[in-house]
Undergrad: 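I'd like to ask some things about the structure below.
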Amino acid sequence: MSKLSEIKRAWWKEAVVYQIYPRSFQDSNGDGIGDIRGIIQRLDYIESLGIDVVWLNPIYCSPNDDNGYDISDYRNIMQEFGTMSDFDELLSGMHQRGIKVVMDLVVNHSSDEHKWFKQSRSSRDNPYRDYYHWWPAEKGEPPYRWSYFAKSGTAWKYEEQTNAYYLHYFSEKQPDLNWENPQLRAEIYDMMHFWFKKGIDGFRMDVITFISKHEGYPEFPEEIQGAKMIDWYAKGPRLHEFLHEMNREVLQHYDVMTVAEGPGTKTDNVLQLVDENRQELNMSYHFDHQSIGVGERFIINEDYQNLVKFKTILSEWDEALSKHGWNTIYLGNHDFPRMVTRWANDSPQWRTTASKMLTTFLLSMRGTPYYFMGDEIGMSNIKFDHIGDYQDLMTINWYNLTKEEGGNIKEFIDSHKLCARDNARTPFQWDKSKHAGFSQSAPWIKVNPNYVEVNVANQQDDPLSELNYFRQMIKLRKQYLTLIYGRYELLLPDHEKIYAYLRELDEEQLLVILNFSDETSSFQSDKINGLKQAEVLINNYKNYICDINEVVALQPYQSIILRLR
Ligand code: GLC
Ligand code: CA
């Protein structure tokens with residue numbers, strides 16, 4: 001049993017974070033690209049959701065090789081998105097509505113068009129040379145490093161100008177910054193102060209676990225090849241020293257939240273990042289559940305929706321952070337498919353019900369929920385048939401590599417209908433007008449044709465819509481602190497359709513029952529008493545059916561939260 005009096009409460013533990021991908025939220029000037037003034041236009045909608053924090057994907061100057069994750073100026077706003085005064089207006093508009101703003105911090109790499117890199121690549125004795133990682137070609141070829149986005153597949157790019165290779169874990173246009181250099185670190189801390197002084201409320205730190213590189217770039221062991229290298233990238237020897245320094249130099253001076261994007265982070269090392277006693281970061285999010293049934297280059301296998309694996313992983317993560325640190329919960333973001341497609345069922349028959357079920361899950365787990373824009377209205381994967389429709393460099397590069405190797409193109413296209421990142425990046429669906437109310441002209445990426453039905457206007461005033469269910473569920477989470485802080489206990493771990501768990505705080509006991517399948521099912525557990533008399537706190541069907549033997553009958557994708565005491 002957990003006791004509220006023994007828990008260290010914090011606003012960021014009690015917050016629901018809503019993620020906005022600015023490029024796809026609302027276009028205000030008809031160029032087909034979402035922008036800051038577009039978000040300002042939609043502030044009332046954002047407020048109406050009841051969320052507490054908005055995380056904005058990068059809005060800094062960028063040549064957009066990777067949609068803003070390649071930054072050429074950390075202190076200014078991307079022209080396509082607007083101006084600094086637009087940003088200031090957005091920030092104050094959010095604050096007036098009691099919403100905090102978290103920005104993306106992308107400091108594992110910059111753009112190759114950043115002035116630091118332009119200097120760095122110009123000569124070996126340039127003062128900025130050591131802002132990046134270079135390998136002089138007279139030493140021969142550098143030890144292999146895998147790259148997420150490289151056209152060639154390798155993370156070292158040769159430059160004739162200085163006869164050397166530079167390191168880029170992501171694209172050729174995203175050279176990795178050299179954190180060994182104290183001057184570089186000081187510049188980054190200074191830039192962080194710049195944004196905190198403006199009043200932002202935190203940072204989501206992009207691939208922050210990769211910032212420390214192994215000295216001398218040694219060969220990795222033979223079994224650590226390809227995407228397996230990610231786990232090693234996250235084990236750089238000075239990672240925690242750097243983050244502790246960042247905390248001391250910057251973070252501890254403000255009341256802000258931090259969350260690591262933590263590729264390579266596992267249940268056995270996450271506490272090194274988020275144990276409050278270590279003074280590094282508040283939270284981290286992992287990829288373990290997203291990796292279920294997804295192989296190299298996002299080719300999927302039969303485990304794709306394996307519920308038992310899903311429950312096991314999420315329960316292990318809860319356990320790992322149950323005494324120290326604090327967990328995060330998410331089912332999708334701009335790097336993953338739409339949650340309803342990935343974890344449930346996006347067919348017209350089940351989309352609404354299944355979306356509500358997943359919302360119930362996200363908002364009833366222990367840990368801060370990160371909710372991706374559009375999931376509240378049940379947006380689903382667009383599932384492009386043609387490679388030409390994709391905008392994401394990752395999909396395009398992997399497609400080309402597969403083709404060059406004579407790989408299976410049909411399998412690639414089919415898998416990417418389920419897994420490609422662009423599925424989450426299609427324009428937000430506001431109404432049934434042309435371009436879904438997102439823009440006056442053709443958007444930078446196609447709108448999902450289902451926008452005619454799936455849109456805010458349709459759902460806004462319908463009490464049974466997924467949108468209003470989301471609002472209701474947020475209220476419930478705020479009303480019952482047990483949903484935030486209560487102890488979590490998994491029931492029926494081997495059940496292949498049902499995910500059920502208890503949440504307990506002080507004298508209160510809540511039971512969450514979720515049917516993750518398109519078939520009817522039933523729930524029964526000898527650990528539970530009083531099911532029949534329990535109070536139903538929320539239900540995505542009209543009826544709650546419990547027979548005299550305390551067996552609960554569940555409809556497809558039904559979700560219920562019960563108050564047992
Ligand atoms: C993170 C971002 C992703 C980006 C990558 C490189 O994973 O979420 O969108 O492509 O880092 O910055
Ligand atoms: Ca625009």
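We count ligands from 1, going down the list as the structure has it; atoms in each ligand are counted the same way. Scope of the values below: all heavy atoms of this structure, side chains included, with no hydrogens, waters or symmetry mates. Residues take their numbers from the sequence shown, with the count starting at 1.
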Undergrad: If you have a sec, work out which protein heavy atom is nearest atom 10 (O) of ligand 1 and how many Å separate them, to one decimal?
TA: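 Scanning the protein heavy atoms, the shortest distance from atom 10 (O) of ligand 1 goes to Asp66 OD2, 2.5 Å.
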
Undergrad: Can you name the atoms of ligand 1, numbered from 1 with element, that are less than 4.0 Å from a heavy atom of Arg425?
TA: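 Result: 9 (O).
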
Undergrad: Nearest 0.5 Å, what's the CG-CG distance between Leu467 and Asp375?
TA: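 The distance works out to 12.0 Å.
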
Undergrad: Report, in ascending order of atom number, the atoms of ligand 1 lying under 4.0 Å from any heavy atom of Arg204.
TA: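 Heavy-atom distances to Arg204 below 4.0 Å select 2 (C), 8 (O).
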
Undergrad: Given the side-chain rings of Phe196 and Tyr254, with only the six-membered ring counted for Trp, is the space between their centroids under 6.0 Å?
TA: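 Yes, the ring centres sit under 6.0 Å apart.
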
Undergrad: Which ligand 1 atoms does Arg421 reach within 4.0 Å, using its non-hydrogen atoms?
TA: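 That gives atoms 3 (C), 4 (C), 9 (O), 10 (O) of ligand 1.
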
Undergrad: Look at atom 1 (C) of ligand 1 and say which protein heavy atom is nearest, naming residue and atom and giving the distance to 0.1 Å.
TA: Asp206 OD1, 2.7 Å

Undergrad: Please determine whether the number of non-hydrogen atoms from other residues, nucleotides or ligands lying under 6.0 Å from atom CD of Gln225 exceeds 12.
TA: yes

Undergrad: Should the pair Asp385-Lys383 be classified as a salt bridge under the 4.0 Å nitrogen-to-oxygen rule?
TA: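 So Asp385 does not pair with Lys383 through a salt bridge.
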
Undergrad: Need one value: angle at the Ca ion (ligand 2), Asn29 atom OD1 versus Asp27 atom OD1, rounded to 10 degrees.
TA: 80°

Undergrad: Please name the atom of Asp31, limited to N, O or S, that comes nearest to the Ca ion (ligand 2).
TA: OD1

Undergrad: If I consider every N, O or S atom in Asp35, which one ends up closest to the Ca ion (ligand 2)? I only need its name.
TA: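 Checking each N, O and S atom of Asp35, the shortest distance to the Ca ion (ligand 2) belongs to OD2.
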
Undergrad: Hey, do the aromatic rings of Trp195 and Phe203 have their centres closer than 6.0 Å?
TA: no

Undergrad: Is it true that Met205 lies under 4.0 Å from ligand 1, counting heavy atoms only?
TA: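 Distance cut 4.0 Å: Met205 fails for ligand 1.
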
Undergrad: Measure the distance from atom 7 (O) of ligand 1 to every protein heavy atom, then report the residue, atom name and distance (to 0.1 Å) of the closest one.
TA: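 Residue, atom and distance for the closest contact: Glu261 OE2, 2.7 Å.
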
Undergrad: With rounding to the nearest 0.5 Å, note down the distance linking CZ in Arg338 to CG in Leu358.
TA: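 CG of Leu358 is found 12.5 Å from CZ of Arg338.
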
Undergrad: Who's closest to atom 8 (O) of ligand 1 heavy-atom-wise, of Asp335, Asn57, Asn108?
TA: Asp335

Undergrad: Would one find an N, O or S atom of Phe81, in either backbone or side chain, under 3.0 Å from the Ca ion (ligand 2)?
TA: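 Coordinating: no.
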
Undergrad: Quick one: which ligand 1 atoms are inside 4.0 Å of a heavy atom on His109?
TA: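 Within the 4.0 Å cut-off of His109, ligand 1 contributes 6 (C), 12 (O).
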
Undergrad: Would you call Lys100 and Asp52 a salt bridge, taking side-chain N to carboxylate O under 4.0 Å as the test?
TA: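 No, Lys100 and Asp52 are not salt-bridged.
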
Undergrad: Quick check on Gln79: does its CD atom have over 12 non-hydrogen neighbours (other residues, nucleotides or ligands) under 6.0 Å away?
TA: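 Not buried by this count: 12 neighbours or fewer within 6.0 Å.
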
Undergrad: Heavy-atom contact check, 4.0 Å cutoff: does Phe149 meet ligand 1?
TA: yes

Undergrad: Looking only at non-hydrogen atoms, find the nearest pair between Asp288 and Thr265 and report the distance.
TA: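 Heavy atoms of Asp288 and Thr265 come nearest at OD1-O, 4.5 Å.
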
